[in-house]
Amino acid sequence: QVQLVESGGGLVQAGGSLRLSCAASGRALSRYVMGWFRQAPGKEREFVAAITWSDGSTHDAVSVKGRFIISRDKAKNTVYLQMNNLKPEDTAVYYCASRRAPIPLQSLREYDYWGQGTQVTVSS
């Protein structure tokens, strides 16, 4: 089992920044991939970004490319999502997820472990 706890959400004005954190515990993560997903009201959960724990390979959704940066801190067992130039359409609950895999996965169906989510609200 892998336990994931997100934090860092909040209310921010359009154009502002937030950094989300996902603290992982329960298993050695060297062969895992970590992903960020989001779900807006009335919409399906969608992929945001993913990173492999071992070598830091990343994959971003087109909608956030150039604005969001995913990273990990091995010493702290924590994955981050730095979100810059936020837009009202980025408003959603953001979830951290993980599974054992060698590449950054995009499909939410491929992830085994999920956090409880953190709310991000961007005002216009």
Supply the atom-to-atom distance [X] [atom1] to [Y] [atom2], rounded to the nearest 0.5 angstrom.
X: Arg19; Y: Phe68; atom1: CZ; atom2: CZ; value: 14.5 Å
X: Cys96; Y: Trp36; atom1: SG; atom2: CH2; value: 5.0 Å
X: Leu105; Y: Ser98; atom1: CG; atom2: OG; value: 11.0 Å
X: Gln3; Y: Ser25; atom1: CD; atom2: OG; value: 4.5 Å
X: Thr52; Y: Met34; atom1: OG1; atom2: CE; value: 11.5 Å

Within the distance-only criterion (no hydrogens, no angle test), does the side chain of [X] pair as donor or acceptor with the backbone N or O of [Y] below 3.5 angstrom?
X: Gln39; Y: Val93; value: no
X: Thr78; Y: Lys76; value: yes
X: Ser30; Y: Ser54; value: no
X: Arg72; Y: Trp53; value: yes
X: Thr118; Y: Gly9; value: yes

Quick test of your reading: applying salt bridge (Lys or Arg N to Asp or Glu O under 4.0 Å), list the pairs with at least one residue in residues 88-97, sequence neighbours left out, ordered by first then second residue.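 Qualifying pairs, neighbours excluded: Arg38-Asp90, Arg67-Asp90.
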
Show every salt bridge (Lys or Arg N to Asp or Glu O under 4.0 Å) that has at least one partner inside residues 103-120, sequence neighbours left out.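 For residues 103-120, and leaving out neighbouring residues, there are no salt bridge (Lys or Arg N to Asp or Glu O under 4.0 Å) pairs at all.
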
In terms of hydrophobic clusters joined by side-chain contacts under 4.5 Å, are Val2 and Val79 together?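 The answer is yes; both residues are in one hydrophobic cluster.
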
For residues 80-88, which side-chain donor-acceptor pairs fall under 3.5 Å, sequence neighbours excluded?
| unit_1 | atom_1 | unit_2 | atom_2 | d |
| --- | --- | --- | --- | --- |
| Gln82 | NE2 | Asn84 | OD1 | 2.9 |
| Asn84 | OD1 | Ser17 | OG | 3.0 |

Should Phe37 and Tyr95 be marked as a ring-ring contact (aromatic ring centres under 6.0 Å, His included) after you check the CA-CA gap, both sets of side-chain angles, and the distance that decides it? CA-CA 5 Å; Phe37 292 78; Tyr95 296 91; 8.7 Å; no

Side chains of Gln1 and Arg27: closer than 4.5 Å at any heavy-atom pair?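 Not in contact.
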
Could you check if a side-chain atom of Tyr113 sits within less than 4.5 angstrom of a side-chain atom of Arg99, using non-hydrogen atoms only?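 No, their side chains stay 4.5 Å or more apart.
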
Of the non-hydrogen atoms in [X] and [Y], which two are nearest, and what is the gap between them?
X: Leu29; Y: Ala24; value: CD1-CB, 3.5 Å
X: Ser71; Y: Ile51; value: CA-CD1, 3.8 Å
X: Val12; Y: Leu18; value: CG1-CD1, 4.1 Å
X: Val33; Y: Ala50; value: CG2-CB, 4.3 Å

Taking the six-membered ring of Trp114 as reference, does the NZ or CZ atom of Arg45 fall below 6.0 Å from its centre and within a 45° cone about the axis?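 Positive - Arg45 is close enough to the ring of Trp114 and near enough to its axis.
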
After noting the C-alpha distance and the side-chain angles of Leu20 and Val120, does the key distance pass the side-chain contact (heavy atoms from CB on, under 4.5 Å) rule? CA-CA 9 Å; Leu20 305 183; Val120 171; 4.0 Å; yes

